[in-house]
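Proteins come first, then strands; the chains are lettered A, B, ... in the order of their sequence lines, and each starts at number 1.
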Number of protein chains: 2
Amino acid sequence: MVGEKWSLLVLREAFLGVRRFADLQRALGAPKAVLTDRLNSLVAQDLLARVPYRDEGARQRHEYRLTERGRDLYPAVVALMQWGDRWLAGDGVPPLTLEHRGCGEPVSLGLRCAAGHDVGGPREVVATPSGRERAGETADTPAG
Amino acid sequence: MVGEKWSLLVLREAFLGVRRFADLQRALGAPKAVLTDRLNSLVAQDLLARVPYRDEGARQRHEYRLTERGRDLYPAVVALMQWGDRWLAGDGVPPLTLEHRGCGEPVSLGLRCAAGHDVGGPREVVATPSGRERAGETADTPAG
DNA sequence: ACGCTGGGTTCGCTTGACGAACCGTGCACA
DNA sequence: TGTGCACGGTTCGTCAAGCGAACCCAGCGT
C-alpha cells in the first residue's frame, strides 16, 4: 500500500509539516505527474485529506493533510528515518533529530513487551498468526 | 533504498525466518525474475547476505540471511505490520502477534523521549536538522 | 540414463516513472 | 482592459521496471 516509490517520502514530508504541492515537489524532486498521482492515491487510501486553504491575497487552493490513518504511520516513518540516520549518515542528507515538544529531549523508537522489557531484535521475538502456530516453514530460529 | 515494490516484503519474510528463494516466492507471490533482482540488490546493499547451506541428501545451495544492517530495519517492518494489523484487519491476511521470547508478553513499538515520556504522535515532536533550524517552510505546526 | 527439484534466466507485454511542455484559474499591477 | 505571474495540475513521448510463462542447468537419488 505504501510500496510505490514516492508514497513514504510524501508521508515523511507531511510529518515534517509540508502540505503544499509545490513544497512537496521542491522537497522531493519528484516529477509533477508522479506527485499528482501519488497524492491522489494517498487521498484515495485515506492517508491524506485534500483540504482547501487560502493565503492572503491569493486564490483558494488545496493542501494535503494527514488523516488519523495516515498519522498512525508515524512510527514506521520515524523508524526508517532513524535507520537512515544510522546507516546512511554522510550521504549528503544531514540527520534529523526529533525532540519532544516541551521537554526538549530527543525522541527514539523502541520495541518493548507488555511486561516492560526492551526487545533488542527479531531473535527475541516469536511471531504467531493470531495465536495459532505458523505452518512448518523454517521459522523456528528467525532472522539469523 | 527500500522503495522498490518488494524490498520491504522480502525483509518482512526474512524477519519471520524465511530464507530460501522458493519459500520467499511462495510467501510473496512475486515473479521469479523480480525476486531474483530484488534479492541481488538487497545483497548489494548489504541488507541480506547470501550464504551457502546444504540439506541432507541435496546439493549445496544458497539462502539469504539478514545482516546487522538489515536486522536494524526490524522496527520499521514491525511498525508497518502493526499499522496493517490495525487498519487493514479483515482484508484476508490474519494479524500477526509478536511475543517476547521467554516472557511471552506481546511486543509493541513505541516512541519515547530520553526523559522517559511516551510520545503520542508527530504533533508532540519538533524536527531539527542536526540541531540547526529548518528553513522557513510551513513547518511550525506539523502534521495537522 | 533418467527424471526431479531448487534456483535461476530469457522473452514479450503491460504498467509506471521520468522530464519537458502546455493549460487554466484568479490575483496584482499597469 | 489587458498583461504577467504563480500555483497546481495535465499531456506527451520515452525509457525503466514489473509481470507470467517458458526455458535452463547442476546435481542428487534410483
Using whole Å, what does the distance between atom [atom2] of nucleotide [N] and atom [atom1] of [X] come to?
X       : N      : atom1 : atom2 : answer
A:Leu24 : D:dG8  : CG    : P     : 10 Å
B:Leu35 : C:dG6  : CG    : C1'   : 13 Å
A:Asp37 : D:dT10 : CG    : P     : 9 Å
B:Glu4  : D:dC19 : CD    : P     : 12 Å
B:Leu39 : D:dG18 : CG    : C1'   : 15 Å
B:Arg20 : C:dG6  : CZ    : C1'   : 10 Å
A:Arg54 : D:dA6  : CZ    : P     : 19 Å
A:Gln25 : C:dG19 : CD    : P     : 10 Å

Starting the side chain at C-beta, find the nucleotide from [options] nearest to [X].
X       : options               : value
B:Arg59 : D:dG9, D:dA6, C:dG6   : C:dG6
A:Thr36 : C:dG6, D:dG18, D:dG9  : D:dG9
B:Arg50 : C:dG8, C:dC18, D:dG8  : C:dG8
A:Arg61 : C:dG8, D:dA6, D:dG18  : D:dA6
B:Lys5  : D:dG8, C:dG19, D:dG18 : D:dG18

Does B:Arg69 come within less than 4.0 Å of B:Asp72, counting only side-chain N to carboxylate O?
->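 Salt bridge between B:Arg69 and B:Asp72, a charged N being under 4.0 Å from a carboxylate O: no.
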
A:Arg20/A:Glu63 ion pair, N-O < 4.0 Å |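 Yes, A:Arg20 and A:Glu63 are salt-bridged.
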
Any side-chain N or O of [X] below 4.0 angstrom from OP1/OP2 of [N]?
X       : N      : answer
A:Arg38 : C:dA17 : yes
B:Tyr64 : C:dG6  : no
B:Tyr53 : C:dG6  : no
A:Arg19 : D:dC7  : no
A:Arg26 : D:dC7  : no

Straight-line distance of A:Trp87 CH2 to B:Glu68 CD, nearest 0.5 Å |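 So the gap between those two atoms works out to 4.0 Å.
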
Could you give the distance from CD (A:Gln82) to CG (A:Leu109), rounded to the nearest 0.5 Å?
->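 Separation between the atoms: 5.5 Å.
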
For A:Ala33, answer base if it contacts any base atom (sugar-phosphate contacts may also be present), sugar-phosphate if it contacts only those atoms, and nothing otherwise; contact means non-hydrogen atoms under 4.0 Å.
->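 Base, at least one base heavy atom under 4.0 Å.
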
Report the residue (A:Glu56 or B:Ala22) whose heavy-atom-nearest nucleotide on DNA chain C is the more 5′ of the two.
->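 It is B:Ala22 whose nearest nucleotide is closer to the 5' end.
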
Are any side-chain N or O atoms of A:Arg38 and backbone N or O atoms of A:Leu42, one a donor and one an acceptor, separated by less than 3.5 Å?
->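 Side chain of A:Arg38 to backbone of A:Leu42: no pair is present.
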
Considering only heavy atoms and no angle criterion, is a donor-acceptor pair shorter than 3.5 Å present between the side chain of B:Lys32 and the base of C:dG8?
->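 Check passes, donor-acceptor contact within cut-off.
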
Compare all side-chain heavy atoms of B:Glu4 with those of B:Asp37 and state whether any distance is below 4.5 angstrom.
->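 Side chain of B:Glu4 against side chain of B:Asp37, heavy atoms only: no contact under 4.5 Å found.
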
